[in-house]
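What follows is a short report on a single structure.
Below, read A as the first sequence line, B as the second, and so on, with proteins coming before strands; counting in each chain starts at 1. Computation of the quantities below employed the complete heavy-atom set of this structure, encompassing side-chain atoms and omitting hydrogens, waters and symmetry-equivalent molecules. Bear in mind that the values here come from a model prediction, so they are computed numbers and not experimental data.
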Amino acid sequence: MAREIAFTFPLEHGLHARPAAALHEAAAGLRSSITFVNSRTGRSAPVASTLGLVATLTRRGDPCVLSAEGDDEEHAAATLSAFLAGPFLAADTVSPAPPAEAERPLPRALRGEATRAWRGTPVSGGTAFGTFAALETEAEAPPAAVPSSLSPERETEAFREAKGAVAAAIERSLSLAPDATARALLRAHLAIVGDVVFGGRVEAVIAAGGGAATAVTAVAAEFAATLSDSGDALLAERAADIDDLARRVRRALAGECGGTARDLPMDAIVAAGELSPSEFLALDRERLRGLVLERCGATSHVAILARAAGVPCVAGLPERRLATGTQAVIDGDRGLVVTQPSPSVRAFYRREAERRETRRARLRAVAARRGATADGRPVTVAANASSVEEVRLAVAEGADGIGLFRTEFMFLGRTTPPSEEEQTELLGEAVRSAAGMPVTIRTLDAGADKPLPCIPLPAEPNPSLGRRAIRIYEQFDELIGAHLRAILRASAAGPVRVMFPMVASVEEARAMRVLLAREQERLAECGTPFDPNVRLGVMIEVPSAALLVDRLAGEAAFFSVGSNDLLQYLFAADRGNPGVAGLSSPLHPAFLRLLARVVGDAHACGGRPVGVCGEAASDLGALPLLVGLGLEHLSVAPDRVAEIKGALADLDAGACAEAALATLDLDAASDVAAALGRASLRAAAPLASPAIVRARSDSASREAALRELVGLLDVDGRVSDADAVEDAVWAREDIASTAVGLSIAVPHCASPHVRSDSVAALRFVRPVDWGAADGEAVSLAVLIAVRPGSGTRHLRLIAALSRRLMDDECRQRLLGAVDDRELAAALDAALEEGER
Amino acid sequence: MRVVAVTACPTGIAHTYMAAERLERAARKLGHAIRVETQGSMGIENELSATDIAGADVALFAAGIAVRGRERFSGLRIVEVAVQDAIKDPERVLASLGG
């Protein structure tokens with residue numbers, strides 16, 4: 001009697017080689033025979049065949065079944081369920097392609113280079129200088145001629161040897177692989193080479209009289225055709241992996257060793273028609289600066305590998321135009337390649353690189369401070385973590401503690417639960433790694449929805465509404481007792497808070513408090529050290545709990561909103577199901593009303609603090625609302641900490657509160673998004689500041705000076721799109737030069753891409769020709785950039801400043817400034833005089 | 001000489017006010033009476049009254065765009081210059097008005 005696991009296929013990019021290989025690996029230790037069935041395509045495959053799995057043409061949302069049959073089928077089903085709920089979801093992660101910008105005009109500084117600039121499709125972001133190296137790739141080389149021995153036995157043997165040689169070569173690459181993405185892909189390739197179905201088919205064709213090389217070609221073509229004919233662009237791209245490996249096996253049959261490293265010149269920008277994943281991995285990473293490909297899909301494995309490796313890549317350019325040895329700049333964000341770049345193009349990209357670095361440094365500085373809004377309201381930005389490594393990463397990224405420490409990792413991949421000692425050791429290590437910052441440990445969140453082999457539970461028809469999290473604690477009393485003692489004992493290593501998941505009623509919260517007190521007593525009796533003041537919190541994930549916060553306040557010292565589950569239960573919509581995912585949104589007024597009530601009730605009951613630890617916490621669109629509704633804590637993925645702190649530091653808490661209140665009476669999430677778009681939520685930056693003036697600028701042309709001025713605003717976070725603001729400034733210069741005598745120029749623009757009204761200035765080391773009719777050069781440029789519909793106060797100040805600039809004394813003060821601080825002070829003084 | 005002037009530039013953020021300031025200073029220096037209306041980012045300011053216009057010898061438009069309320073000046077001699085000229089050399093602009 002087989003055990004079956006029915007599920008909806010969850011991965012965005014379908015069942016491609018990497019998740020297929022991961023599934024294969026997860027099942028490797030099981031004795032049962034395991035079959036994957038896709039009910040939509042009607043195709044099935046043994047899990048042991050990665051290629052067979054890929055050939056089921058499975059897309060996200062497909063109804064699927066895994067069935068296990070054998071003497072360990074119960075255990076197999078539990079293991080696979082756990083795998084599907086956890087590691088499988090991570091097997092699809094890829095960094096996104098840069099947004100297509102082909103519609104946007106080139107930055108002005110590059111437009112003059114049109115004759116030597118090519119625009120393709122951006123595939124992998126980043127910019128690099130280098131030299132073209134044309135690469136003849138295997139796809140274009142004539143197929144290796146392999147004589148057949150005409151003996152099926154000898155051919156089969158040769159095929160097996162060739163397969164072994166390719167597998168060994170992949171194993172070698174795997175040991176040298178530079179990143180996790182490359183390792184995952186190589187493991188998938190290893191699985192394809194050793195695929196039982198593929199090998200079986202090839203050997204059958206050989207037995208029927210075909211030579212080994214012919215058989216490999218034919219069988220690979222069958223699989224590739226299945227994918228190509230699927231009508232799914234994503235799956236069709238996966239055919240490249242099969243071609244890639246079939247070619248390598250044929251080469252091995254011909255006696256050529258696979259995976260040979262290519263010789264590249266220094267700073268190579270590789271130009272090729274098409275590159276296979278193994279060809280990419282064989283490139284010398286020390287010398288590779290960029291890739292220009294004629295054909296390369298944004299979701300192909302080469303694209304994914306290039307992004308993971310940080311190698312800029314542009315596709316869609318005919319490589320024949322790019323002669324080896326030609327110098328070039330590759331701009332993977334704009335999808336641009338400029339050959340023989342002029343000094344001005346080089347200067348443009350050097351300055352862009354400097355700007356990026358300055359911005360990064362600023363963000364690091366923000367991340368090092370505790371989270372707060374511009375007007376000083378503290379909002380801690382902590383991190384979610386599931387392992388000791390993630391705690392370390394979070395600390396390095398500037399997290400204000402760990403807001404959600406998941407404990408399930410201690411229970412994964414084992415058939416017996418970890419002992420109290422083991423858990424104490426692991427949790428203690430996590431707490432010590434947090435460098436004295438508080439760690440909020442969530443108690444075990446497992447059950448029907450997230451099965452663990454060491455916690456056997458019968459399958460349920462509706463697991464997300466079934467026995468999960470604290471609902472199984474009574475049944476596993478001994479195990480949970482040990483778990484809670486381990487959490488308490490970890491508090492001896494540093495500040496710890498305990499948080500219970502899936503609380504739906506006051507009785508449950510009370511039972512958890514009693515449970516925790518019982519374990520505290522037990523520890524105290526044995527004299528085991530722990531912090532007796534560990535605070536107990538309740539997660540708000542169930543709407544009933546959200547409506548009971550005032551009652552729960554008697555049991556809990558703090559609340560943490562698990563927004564993923566709360567949204568799913570509130571709207572009765574599974575986020576993983578594309579058919580209904582659109583129903584729920586953290587911007588929906590229903591969710592915001594609930595959140596407002598939770599925060600209001602918690603604050604009214606002895607000022608209980610409230611946090612958010614779901615994905616809503618790292619949603620930049622929702623951030624002003626979370627701040628506005630009064631949440632004190634956010635917990636986000638470690639790599640988002642700096643970004644969220646940076647966004648927070650720009651917000652005005654008062655304006656956010658006003659905006660949040662107004663959204664509660666709207667109808668839909670789209671209305672809320674639109675209202676937020678109109679609201680001005682950023683704290684007003686002062687018009688001028690030392691960060692946006694330069695007292696000794698060596699810009700030597702109007703172009704360079706305007707670029708430098710807009711660059712100052714960009715680095716200071718005052719514009720959302722520097723290229724667009726620069727264009728707006730030029731639109732005014734193109735009507736008439738803004739140099740009007742008195743050796744000053746006052747370039748200006750009103751643009752929606754300006755975030756905060758600004759007055760920037762440059763004092764030039766050498767006077768700059770500003771395109772004035774009489775050729776008069778300029779010693780001082782004052783850039784005025786405002787938002788359209790800016791407040792009258794700013795416009796009045798700017799009008800007054802414009803008048804003040806006509807005053808000799810005021811100008812002399814600006815021109816005489818010896819450093820940035822003095823120049824900013826002189827501008828401030830001119831603005832202030834205007835206010836009087 | 002009594003002058004009524006209007007300054008306006010395409011963006012209306014800076015040059016409108018720079019020109020107004022320059023014309024006012026130059027007129028003071030040359031001993032002319034001047035009133036300058038600005039048509040800029042904050043709309044019309046220092047709006048010229050019918051009395052101002054009736055008492056003027058000449059109207060000066062230093063504008064890069066069409067002047068609003070042009071009909072108010074019918075019957076008066078109008079001299080038009082580029083806004084940047086009024087900033088660059090206001091004395092010469094005033095001298096060119098004659099009178």
Side-chain angles (χ1 to χ4, degrees), chain A residues 687 728-751 754 757-759 770-776 778 781-811 830 834, chain B residues 3-30 32 34-48 60-68 80-96:
Chain A
L687 281 173
V729 173
W730 272 105
R732 175 62 185 82
E733 291 289 335
D734 288 341
I735 295 171
S737 166
T738 57
V740 285
L742 310 172
S743 72
I744 73 164
V746 185
H748 52 271
C749 74
S751 159
V754 171
D757 300 343
S758 304
V759 178
W770 209 264
D774 60 2
E776 192 196 330
V778 157
V782 178
L783 170 71
I784 297 170
V786 297
R787 288 159 56 92
S790 229
T792 5
R793 183 172 162 261
H794 276 177
L795 293 175
R796 190 168 300 284
L797 286 175
I798 286 165
L801 172 72
S802 304
R803 285 177 177 268
R804 294 286 307 153
L805 288 172
M806 301 297 94
D807 180 72
D808 293 340
E809 204 180 305
C810 171
R811 272 201 317 282
Chain B
V3 183
V4 285
V6 176
T7 62
C9 86
T11 325
I13 296 171
H15 286 206
T16 308
Y17 307 100
M18 289 159 67
E21 184 73 18
R22 289 282 279 172
L23 287 172
E24 284 165 6
R25 284 169 184 257
R28 252 199 319 275
K29 187 175 162 200
L30 297 176
H32 299 307
I34 192 167
R35 286 190 64 85
V36 186
E37 172 180 309
T38 52
Q39 299 189 355
S41 55
M42 289 175 298
I44 295 179
E45 288 184 294
N46 298 323
E47 188 170 357
L48 296 168
L60 169 64
F61 292 173
I65 50 168
V67 166
R68 280 176 281 173
E80 298 191 55
V81 301
V83 69
Q84 53 266 32
D85 292 336
I87 304 173
K88 192 181 292 275
D89 201 345
E91 293 185 23
R92 204 176 73 197
V93 165
L94 290 175
S96 74

Top contributor to chain B contacts, counting heavy-atom pairs under 4.5 Å, from A/L742, A/V782, A/I784: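 Heavy-atom pair counts peak at A/L742.
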Please check if the number of heavy atoms outside B/R35 that lie under 6.0 Å from its CZ is greater than 12.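 Not more than 12 within 6.0 Å, no.
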Chain A contacts: which residues in residues 19-26 of chain B have a non-hydrogen atom closer than 4.5 Å to it?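 So the qualifying residues are B/A20, B/E21, B/R22, B/E24, B/R25.
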Quick check: under 4.5 Å, non-hydrogen atoms only, which of residues 83-92 of chain B neighbour chain A?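 The list, in residue order, reads B/Q84, B/I87, B/K88.
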SG on B/C9 to NE2 on A/H748, rounded to 0.5 Å: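 Answer for the NE2-SG pair, A/H748 versus B/C9, is 4.5 Å.
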Over all heavy atoms of both residues, which pair between A/A750 and B/I13 is shortest? Give the atoms and the distance, please.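 Scanning both residues, the minimum pair turns out to be N-CD1, 4.0 Å.
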Closest heavy-atom pair and its distance - A/A799, B/M42: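 Here A/A799 and B/M42 meet closest at CB-CE, 3.8 Å.
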Please state whether the side chain, the backbone, both or neither of B/T38 comes within less than 4.5 Å of a heavy atom of chain A.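 Contact with chain A is through the side chain of B/T38 alone.
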Who among B/G64, B/A14, B/A82 has the most heavy-atom pairs with chain A under 4.5 Å?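 Highest number of heavy-atom pairs under 4.5 Å: B/A14.
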Side chain, backbone, both or neither: which part of A/A731 has a non-hydrogen atom closer than 4.5 Å to chain B?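 Looking at A/A731, nothing touches chain B.
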With a 4.5 angstrom heavy-atom cut-off, is it the side chain or the backbone of A/R732 that approaches chain B, or both, or neither?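 Side chain of A/R732 only, per the 4.5 Å heavy-atom cut-off to chain B.
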